[in-house]
Amino acid sequence: MQQNLFDNHNILSHDGEVLFFPAFFEKQESDFYLDTLTETIPWKQEPIKIFGKEVMQPRLTSWHGDKPYTYSGITMHPHQWTDELKNIKTKIEGVAQVAFNSVLLNLYRNGQDSMGWHRDNEKELGGNPVIGSISLGATRIFKLRNYRDKKEVVSVELTHGSFLLMKGPTQHFWEHHIPKTSKVSGPRINLTFRIIR
Ligand SMILES: O=C(O)CCC(=O)C(=O)O
Ligand SMILES: [Mn+2]
């Protein structure tokens, strides 16, 4: 049964809006995107600056869109849109009701690759960023926690073919991350569509 893509509840009870669509793409389409993106994206391991020191990110990345993007002390120069990226973008825009102009791709090679706590609050994303996030491959846990007290934590399992949409004031009040896990050995691809002003 196709779920109703417009009738979805907010997984945050206050100070933000995060919608989760577990079966956004069917299995066959998800498998196709996982294989094709694995092969066609120019994946690279890039350094970031943490307290002025350069360290390698624990995952591979690629940036696609019209403009460069700077975060954690590095500037990513854009690659071209591929047919698959354009098709995914069109489909999520129908639900998000915004026009994305860029996408950051992350490849977590196994359970030891991860993403630290952060907010997507670079100023070129605007005041209330809309971030559309597709997951393919191994299921990983996505955690959100209240930025101030760090105590209130919300967890979501990001399954193959799922879509997570963050909007409203979420990036002001909540930070998010992908923890390491010993339970996962396979790769996961994440696409976070963004609007760069
Ligand atoms: O892998 C994910 O689901 C999260 C990625 C993320 O937070 C980011 O790229 O900013
Ligand atoms: Mn993020």
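Read the numbers this way: they start at 1 and go in the same order the structure lists the ligands and their atoms.
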Visitor: Under 4.0 Å from a heavy atom of Leu104: which atoms of ligand 1 are those, numbered in the order shown and with their elements?
Guide: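 Under 4.0 Å from Leu104, ligand 1 has these atoms: 9 (O).
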
Visitor: Do me a favour and list the nearest non-hydrogen protein atom to atom 10 (O) of ligand 1 with residue, atom name and distance?
Guide: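 Checked against all protein heavy atoms, atom 10 (O) of ligand 1 sits closest to Arg194 NH2, 2.8 Å.
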
Visitor: Find all atoms of ligand 1 within a distance of less than 4.0 Å from any non-hydrogen atom belonging to Thr192, and give their numbers and elements.
Guide: 9 (O)

Visitor: Using a 4.0 Å heavy-atom threshold (strictly under), name the region of Arg188 that reaches ligand 1: side chain, backbone, both or neither.
Guide: side chain

Visitor: If we set the cut-off at 4.0 Å for heavy atoms, which region of Asp120 has an atom near ligand 1: side chain, backbone, both, or neither?
Guide: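 It is the side chain that touches ligand 1; the backbone stays farther off.
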
Visitor: With Glu175, which of Lys143, Arg119, Arg148, Arg145 fulfils side chain to side chain donor-acceptor pair (under 3.5 Å)?
Guide: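 Passing option: Arg145.
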
Visitor: Begin from the C-alpha positions of Thr75 and Thr70 and carry the test side chain to side chain donor-acceptor pair (under 3.5 Å) through to its verdict.
Guide: CA-CA 4 Å; Thr75 298; Thr70 300; 2.9 Å; yes

Visitor: Tell me whether the rings of Phe24 and Phe163 are parallel (<30°), tilted (30 to 60°) or perpendicular (>60°).
Guide: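 Answer is tilted, since the angle falls between 30° and 60°.
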
Visitor: On the 0 to 90° scale, with breaks at 30° and 60°, tag the His14-Trp174 ring pair as parallel, tilted or perpendicular.
Guide: tilted

Visitor: Name the closest protein heavy atom to atom 1 (O) of ligand 1, giving the residue it belongs to and the distance to 0.1 Å.
Guide: Tyr108 OH, 2.6 Å

Visitor: If we only count heavy atoms from C-beta on, is the Lys89 to Leu191 side-chain gap below 4.5 Å?
Guide: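 SC-SC contact between Lys89 and Leu191 ruled out.
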
Visitor: For N/O/S atoms only: which one belongs to His176 and is nearest the Mn ion (ligand 2)?
Guide: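 Among the N, O or S atoms of His176, the one closest to the Mn ion (ligand 2) is NE2.
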
Visitor: I need the Thr38 OG1 to Leu136 CG distance, nearest 0.5 Å.
Guide: 8.5 Å

Visitor: Indicate, as side chain, backbone, both or neither, the part of Leu158 found under 4.0 angstrom from ligand 1 when only non-hydrogen atoms are considered.
Guide: side chain

Visitor: Quick one: the NE2 of His118, the Mn ion (ligand 2), OD2 of Asp120 angle, rounded to 10°, please.
Guide: 130°

Visitor: Determine the interplanar angle of the Trp63 and Tyr69 rings, folded into 0 to 90°, and report it as parallel if under 30°, tilted if 30 to 60°, perpendicular if over 60°.
Guide: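 The arrangement is parallel - the two ring planes meet at less than 30°.
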
Visitor: For atom 9 (O) of ligand 1, grab the closest protein heavy atom and report residue, atom and distance to one decimal in Å.
Guide: Asn106 ND2, 3.0 Å

Visitor: Work out whether the distance between some heavy atom of His118 and some atom of ligand 1 is less than 4.0 Å.
Guide: yes

Visitor: Does NZ belonging to Lys150 count more than 12 external heavy atoms closer than 6.0 Å?
Guide: yes

Visitor: Below 4.0 Å, non-hydrogen atoms only: which portion of Met115 touches ligand 1? Side chain, backbone, both or neither.
Guide: side chain

Visitor: Should you measure from each heavy atom of His176, which atoms of ligand 1 turn up under 4.0 Å away?
Guide: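 Listed by number with element: 7 (O).
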
Visitor: State whether the number of non-hydrogen atoms from other residues, nucleotides or ligands found under 6.0 Å of Glu157 atom CD is greater than 12.
Guide: no

Visitor: Please report whether ligand 1 has a polar contact with Ser135, defined as an N or O pair separated by less than 3.5 Å (distance criterion only).
Guide: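 Such a contact does not occur with ligand 1.
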
